[in-house]
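All remarks here apply to the structure that follows.
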Amino acid sequence: MQIFQFFAQAGIVGFESPASQYEEAQLSISELLVANPSSTHLAFAKDNALSHIGIYKHDILIVNKNMPTKNNPIVVATLNGEPIVRLLDRNKHMLQGAMSAQSYTLRDDDDFCIQGVVDFSIRLHTANHHPVYECATPEMIDDMIIKHPSATYFGLAQGHSMINVGIFDGDILIVDRHQFINDGAVIVATLNGEFVCKKLDKAQRRLVSTKPYSFYQLSERDRFQVEGCVIASVRLHSSLNMSLN
């Protein structure tokens, strides 16, 4: 997989040209995200209880069974036989979600077992990217997500205006140059010499931000080129040190 390092800013202006940050390397998603395969497994988010911190239903979770919960309180666990992903507040003996109805105070008679903490979550952004492999392993991540390896690259998102589609500041973008661009797709493009990450409104020829809602109307004067479709974004949840260099 080629890696093209840049910051895909949520806004239209005000960031450095990516030309000085270009670098090619061969790297897979699993190599980037899985430091220790023997202590790592995959899980899938069953609901939107942690959407406020960037974990959504159907997201792929990369779970580390050896990391202490004091360093990362997002736990994958079973509660009375049911799988659950929540924030663990050890002081209050509580599993917390975005709303009170999604929180639970642990009792002495509960059957509660922590299976690991969430290092990363992977959000899929295209309609044909919703694999649910109950027996998936970390080594399968690339096959689950990447359809065109030679045309896929990474970038880093910068800004907050795409939060409503689940892209947060600092997320890794996985971009496919060969993916068909549907109306409303999240794309990376160059606009007048700068990289941007937006939703594409084909019919109105607009680039759309989601929070707050705004758009940029493309004109014939603009130098505009689509650089690829964002097929997935990766969010770091642990205190791990990670670099694309």
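The structure displayed is predicted, hence computed values, not measured ones.
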| query | With distance as the sole criterion, is a donor-acceptor pair present between the side chains of D176 and Y153 under 3.5 Å? | reply | no
| request: Return yes if some donor-acceptor pair links the side-chain N/O of N80 with the main-chain N/O of D111 below 3.5 Å, else return no. | output: yes
| message | With a 4.0 Å cut-off on N to O distance, would you call K57 and D47 a salt bridge? | response | no
| task | Mark yes or no: K202 above the aromatic ring of F180, with NZ or CZ under 6.0 Å from the six-membered ring centre and no more than 45 degrees from the axis. | result | yes
| task | Report yes or no: is the cationic atom of R123 (NZ for Lys, CZ for Arg) closer than 6.0 Å to the six-membered ring centre of Y56, at no more than 45° off its axis? | result | yes
| request: Spell out, as yes or no, whether a donor-acceptor pair under 3.5 Å connects the side chain of D142 to the backbone of I29. | output: yes
| Without hydrogens or angle criteria, can the side chains of H125 and S233 be said to hold a donor-acceptor pair below 3.5 Å? | yes
| task | Could you walk me through whether V226 and T190 pass side chain to side chain contact (heavy atoms under 4.5 Å, CB included), step by step? | result | CA-CA 6 Å; V226 175; T190 52; over 6 Å; no
| query | When you check the side-chain N and O atoms of N36 and N66, is any donor under 3.5 Å from an acceptor? | reply | no
| message | With a 3.5 Å distance limit and no angle check, can you tell me whether Q217 reaches the backbone of Q204 through a side-chain donor-acceptor pair? | response | yes
| said: Between F44 and H58, does the side chain to side chain contact (heavy atoms under 4.5 Å, CB included) criterion hold? Intermediate values first, please. | reply: CA-CA 6 Å; F44 297 88; H58 302 309; over 6 Å; no
| query | Roughly how far, to the nearest 0.5 Å, is the OG atom of S30 from the CE atom of M140? | reply | 11.5 Å
| message | Does the Lys NZ or Arg CZ of R235 fall within the cation-pi geometry relative to F168 - under 6.0 Å from the ring centre and within 45° of the axis? | response | yes
| Donor-acceptor contact present, side-chain T78 to main-chain G81, <3.5 Å | no
| task | Give a yes or no on whether the backbone of M94 and the side-chain of D89 come within a donor-acceptor separation of less than 3.5 Å. | result | no
| request: Taking only Lys NZ, Arg NE, NH1 and NH2, and the carboxylate oxygens of Asp or Glu, determine whether R206 and D201 approach each other closer than 4.0 Å. | output: yes
| task | Flag yes if more than 12 heavy atoms outside H148 fall under 6.0 Å of its NE2 atom; otherwise flag no. | result | yes
| Do S121 and H237 have side-chain N/O donor and acceptor atoms under 3.5 Å apart? | yes
